[in-house]
J.: 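Sending over a structure as structure tokens; questions will come in a sec.
Side chains are part of it too, since the values below use all heavy atoms of this structure and drop only hydrogens, waters and symmetry mates.
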Amino acid sequence: MSLRNIIPTPSPTTLPSSYTLKPRCVNYITTHNNPSSSTKPTTYNNLSLSNENTHQQATLHLEKMINLEDHNILSSSSFESTPSTSSFGIGTYQNKLGKRWKEYQGMTNWEGLLDPLDDNLRAEILRYGHFVEAAYKSFEFDPSSPNYANCRFPKTTLFERCGLPNTGYKVTKYLRATSGIQLPNWVDKAPSWVATQSSYVGYVAVCDNKEEIKRLGRRDVVIAFRGTTTCLEWLENLRATLTNLPCNPMDGETMGCHGSGAMVESGFLSLYSSSIPDNPSALSLQQMVKQEIVRILQAYAGEPLSLTITGHSLGAALATLAAYDINTSFPKLPMVTVISFGGPRVGDRRFRRQLEKQGTKVLRIVNSEDVITKVPGFVFDDDMAKEGGIHVAGLPSWIQKRVEKAQWVYAEVGKELRLCSRDSPYLGSTNVATCHELNTYLHLVDGFVSSTCPFRATAKRFLQR
């Protein structure tokens, strides 16, 4: 569901004439990274600027910061926003990440780490966000290219070619998603890119650097998914009714056939589980992911492992489905975590309950101004739900029944980190596309402090084309 190629993002260096610099929190003192000082309160000093000369102050400030940090924009070195973070990959946090890695992977559902946002967790979220960026940057967007919808770079140099030379990870598998939509015959007369059925959607990467493994406290496996790019992917996004999770045709294991009745969005499931019927060698995304997980588990048996699945937009939905499927098929995996950016809703309440039951940890990064996070379907107040039905105060019961019958009742999953584009003093006026951009999300994560101090002055990640 990425809108990155539809509407251009306005340059953040240009301030509209009506723009007013928003107050930001500066010189904040955090103690939440240090368990020994957890009882001490977090202190903030709010900076208020008068309206006089606001435009001039804002412009000078932006020019100074952007000139200073221009080389860091959209690169891994933008993690120098706080003293506790390091450059991408190999490095040392102020508080050793390896000692608490299970907390940062969601073992305790990120309790005490989100508000205020723990600096180590901030760096981890940004690090995984860069893996998603690499999935976008390595995709061939040019429909006139013979390599359209494939990966532009070889596995051995993918991260380096995407501007991430020191991740400490190696790409082990390209992943492809296939649409199950049956196209009419007249599509044969359209350009070939219109009917592209299978496309490169992401990759699997394994941490293979000893120093990075030591820093992380385990060997981490990353699965990264991009958002919507092809025509058929857009059509799949529109198939928003819920459908039952099917049995896994690959090896007899079930993806949702234990009588749970869990349901997920039809189009997302199609992209995850479909293969090309007349090409037996073309595996579905589901089959490719599971085959690679089997290989990795065999290759690194006995080592402490974590599996982090991350994605943006459509990729966030695929990440959630993949995590559910993997945990169903490999219940002995020690830690499966989803870090999603701007993801749509995926399934119903029974699907959410199954995710929670199997121990899948999901951290959803949500921009409150992003419409994609509010679709598809409807979410009713689960606290007022009763067995056998859903009740919402003020909504006629016949409407609720119609919505349920139409299979449009969804549920949010996991833990939410809610951000807001309006809190950033650098975004100015934004449109639908800007609010959904992955770069917007990373900018907001980098600047967020807490619900009472939504944006810090030392945030150095700016949006720029």
J.: Pair Tyr128, Thr337 - check side-chain contact (heavy atoms from CB on, under 4.5 Å), show working.
T.: CA-CA 11 Å; Tyr128 288 117; Thr337 302; over 6 Å; no
J.: By ring pair (Phe, Tyr, Trp, His ring centres under 6.0 Å), which residues pair with Phe139, not counting sequence neighbours?
T.: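 So Phe139 forms a ring pair (Phe, Tyr, Trp, His ring centres under 6.0 Å) with Phe141.
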J.: Side chains of Asn367 and Thr440: donor-acceptor distance under 3.5 Å anywhere?
T.: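 Side-chain D/A pair, Asn367 to Thr440: absent.
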J.: Within the 4.5 Å heavy-atom criterion, are Leu114 and Leu121 side-chain neighbours or not?
T.: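 Leu114 vs Leu121: side chains touch.
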J.: Using the rule given for side-chain contact (heavy atoms from CB on, under 4.5 Å), can you reason through Val294 versus Leu297, listing the C-alpha separation, both sets of side-chain angles and the distance that settles it, and then say yes or no?
T.: CA-CA 5 Å; Val294 168; Leu297 290 177; 5.9 Å; no
J.: Side chains of Met263 and Val346, heavy atoms from C-beta outward: is any pair under 4.5 Å?
T.: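 Met263 does not reach Val346 side chain to side chain.
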J.: Before giving the answer on side-chain hydrogen bond (donor to acceptor under 3.5 Å, both in side chains), spell out for Ser368 and Arg418 the whole-Å C-alpha distance, their side-chain angles and the decisive distance to 0.1 Å.
T.: CA-CA 7 Å; Ser368 60; Arg418 181 164 289 272; 4.6 Å; no
J.: Minimum heavy-atom separation for Ser138 to Tyr200, with atom names?
T.: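 Heavy atoms of Ser138 and Tyr200 come nearest at OG-OH, 2.8 Å.
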J.: Side chains of Gln197 and Ser179: donor-acceptor distance under 3.5 Å anywhere?
T.: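 There is no such pair between these side chains.
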J.: Any chance the side chains of Arg218 and Ser306 put a donor and an acceptor closer than 3.5 Å?
T.: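 Looking only at side-chain atoms, Ser306 and Arg218 do form a donor-acceptor pair, the distance falling under 3.5 Å.
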J.: Mind checking the CZ-OG1 spacing from Arg152 to Thr157? Nearest 0.5 Å is all I need.
T.: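 Separation between the atoms: 11.0 Å.
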J.: If you measure from the Lys or Arg side-chain nitrogens to the Asp or Glu carboxylate oxygens, is any gap between Arg345 and Glu265 under 4.0 Å?
T.: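 Here Arg345 does not pair with Glu265 in a salt bridge, since their nearest N and O are not under 4.0 Å apart.
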J.: Which of these passes side chain to side chain contact (heavy atoms under 4.5 Å, CB included) with Asn327: Leu307, Leu355, Val336?
T.: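 Per the side chain to side chain contact (heavy atoms under 4.5 Å, CB included) rule, the option paired with Asn327 is Val336, out of Leu307, Leu355, Val336.
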J.: Can you find a side-chain donor-acceptor pair between Tyr272 and Ser284 that sits under 3.5 Å?
T.: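 No donor-acceptor contact under 3.5 Å links the two side chains.
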J.: Kindly compute the distance separating CG (Asn166) from CD (Glu212), expressed to the nearest 0.5 Å.
T.: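 Result: 10.0 Å between the selected atoms.
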J.: I need the Trp110 CH2 to Leu113 CG distance, nearest 0.5 Å.
T.: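 Nearest 0.5 Å value for the CH2-CG distance: 9.5 Å.
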J.: Can you give me the closest heavy-atom contact between Ser274 and Ser270, atom names plus distance?
T.: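 For Ser274 and Ser270, the tightest heavy-atom pair comes out as OG-O, 2.6 Å.
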J.: Check whether the ring centres of Phe153 and Phe159 lie less than 6.0 Å apart, and answer yes or no.
T.: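 No, the ring of Phe153 stays outside the 6.0 Å limit from the ring of Phe159, centre to centre.
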J.: Do NZ/NE/NH1/NH2 and the carboxylate oxygens of Asp208 and Arg219 come within less than 4.0 Å?
T.: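 Looking at Asp208 and Arg219, the cut-off is not met.
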J.: Going from NZ on Lys361 to CD1 on Ile309, what distance comes out if it is rounded to the nearest 0.5 angstrom?
T.: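 Rounded to the nearest 0.5 Å, the NZ-CD1 separation comes to 14.5 Å.
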J.: Which pair of heavy atoms, one from Tyr203 and one from Leu158, lies closest together, and at what distance?
T.: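 Tyr203 and Leu158 have their closest heavy atoms at CE2-CD2, 4.4 Å.
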J.: Do Ser144 and Asp142 meet the criterion of a side-chain donor-acceptor pair at a distance under 3.5 Å?
T.: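 Ser144 vs Asp142: donor-acceptor pair found between side chains.
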J.: Within the distance-only criterion (no hydrogens, no angle test), does the side chain of Arg349 pair as donor or acceptor with the backbone N or O of Ala411 below 3.5 angstrom?
T.: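 Absent.
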J.: Can a donor-acceptor pair be found, under 3.5 Å and without considering hydrogens, that links the side chain of Glu233 to the backbone of Thr229?
T.: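 Judged by distance alone, yes, a pair lies under 3.5 Å.
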J.: side-chain contact (heavy atoms from CB on, under 4.5 Å), that's the test. Do Leu363 and Ile125 meet it? Break it down for me.
T.: CA-CA 9 Å; Leu363 179 59; Ile125 293 172; 3.9 Å; yes
J.: Compute whether any side-chain donor of one residue and acceptor of the other, for Gln358 and Thr360, lie under 3.5 angstrom apart.
T.: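 Yes, because at least one side-chain N or O of Gln358 sits under 3.5 Å from a partner of the opposite role on Thr360.
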J.: May I have the step-by-step check of side-chain hydrogen bond (donor to acceptor under 3.5 Å, both in side chains) for Tyr104 and Asp118, ending in yes or no?
T.: CA-CA 9 Å; Tyr104 292 115; Asp118 180 276; 3.1 Å; yes
J.: Under 3.5 Å, is there a donor-acceptor pair between the Ser192 and Tyr148 side chains?
T.: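 Result is no, nothing qualifies.
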J.: Looking only at side-chain N and O atoms, does Arg100 offer a donor or acceptor that is under 3.5 Å from a partner on Asn120?
T.: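 Not at all, the side chains of Asn120 and Arg100 share no donor-acceptor pair under 3.5 Å.
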J.: Measure the OG-CG distance between Ser266 and Leu238 for me, rounded to the nearest 0.5 Å.
T.: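 Those atoms lie 12.0 Å apart.
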J.: Could you check, using the six-membered ring where one of them is a Trp, whether His312 and Tyr136 have ring centers closer than 6.0 angstrom?
T.: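 Centroid separation for His312 and Tyr136: below 6.0 Å.
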J.: Between Phe448 and His443, does the ring centroid distance fall short of 6.0 Å?
T.: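 For Phe448 and His443, the ring centres are not under 6.0 Å apart.
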J.: Identify whether NZ of Lys or CZ of Arg in Lys155 sits under 6.0 Å from the centre of the six-membered ring of Tyr174 and within 45° of that ring's axis.
T.: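 Flagged: Lys155 positioned over aromatic ring of Tyr174.
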J.: Determine whether Glu133 and Cys162 make a side-chain contact, defined as any pair of heavy atoms from C-beta on separated by less than 4.5 Å.
T.: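 With C-beta onward as the side chain, the pair stays apart.
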J.: Please determine if Lys290 and Asp325 form a salt bridge, counting it only when a charged side-chain N lies under 4.0 Å from a carboxylate O.
T.: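 Yes, this pair counts.
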J.: Taking all non-hydrogen atoms of both residues, which atom of Asp348 and which atom of Gly261 are closest, and how far apart?
T.: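 Shortest heavy-atom contact: OD2-O, 4.0 Å.
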J.: Considering only NZ, NE, NH1 and NH2 on the basic side and carboxylate oxygens on the acidic side, decide whether Glu356 and Arg353 come within less than 4.0 Å.
T.: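 No.
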J.: Quick one, Thr178 and Ser275 - any side-chain contact, counting heavy atoms below 4.5 Å?
T.: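 No, too far: nothing below the 4.5 Å cut-off.
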J.: Within this structure, what is the CD-CG distance for the pair Gln105 and Leu97, rounded to the nearest 0.5 Å?
T.: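 The distance works out to 8.5 Å.
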J.: Apply side-chain contact (heavy atoms from CB on, under 4.5 Å) to Asp370 and Tyr441, showing your working.
T.: CA-CA 10 Å; Asp370 182 4; Tyr441 273 86; 2.6 Å; yes
J.: So do Val449 and Leu117 actually touch side chain to side chain, heavy atoms under 4.5 Å?
T.: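 Answer no - side chains too far apart.
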J.: Using a strict 4.0 Å threshold on nitrogen-to-oxygen distance, state whether Arg364 and Glu412 make a salt bridge.
T.: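 Salt bridge present between Arg364 and Glu412.
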J.: Donor-acceptor pair, distance only, cut-off 3.5 Å: does the side chain of Asp220 make one with the backbone of Cys207?
T.: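 Here the side-chain-to-backbone pair does not exist.
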J.: If I compare all heavy atoms of Ala135 with all of Ala224, which pair ends up nearest, and what's the gap?
T.: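 For Ala135 versus Ala224, the nearest heavy atoms are CB-O, 4.4 Å.
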J.: Do any N or O atoms from the side chain of Thr167 and from the backbone of Leu164 form a donor-acceptor pair under 3.5 angstrom?
T.: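 Answer holds: no.
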J.: Do the non-hydrogen side-chain atoms of Arg226 and Ser199 ever get within less than 4.5 Å of each other?
T.: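 The answer is yes; the side chains approach within 4.5 Å.
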J.: Count the heavy atoms belonging to other residues, nucleotides or ligands that lie under 6.0 Å from CD of Glu160, then report whether that count exceeds 12.
T.: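 Counting other residues, nucleotides and ligands, CD of Glu160 stays at 12 neighbours or fewer.
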J.: Where do Arg295 and Thr172 come nearest, in terms of heavy atoms and distance?
T.: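 For Arg295 and Thr172, the tightest heavy-atom pair comes out as NH2-CB, 3.6 Å.
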J.: Should Val289 and Ile326 count as side-chain neighbours, where that means a heavy-atom distance under 4.5 Å?
T.: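 Side chain of Val289 against side chain of Ile326, heavy atoms only: contact under 4.5 Å found.
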J.: Side chains of Phe268 and Arg239: does their closest heavy-atom pair fall under 4.5 Å?
T.: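 Contact flag for Phe268/Arg239 side chains = no.
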J.: Could you check whether atom NZ of Lys214 has more than 12 heavy atoms from other residues, nucleotides or ligands sitting under 6.0 Å from it?
T.: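 12 or below, so no.
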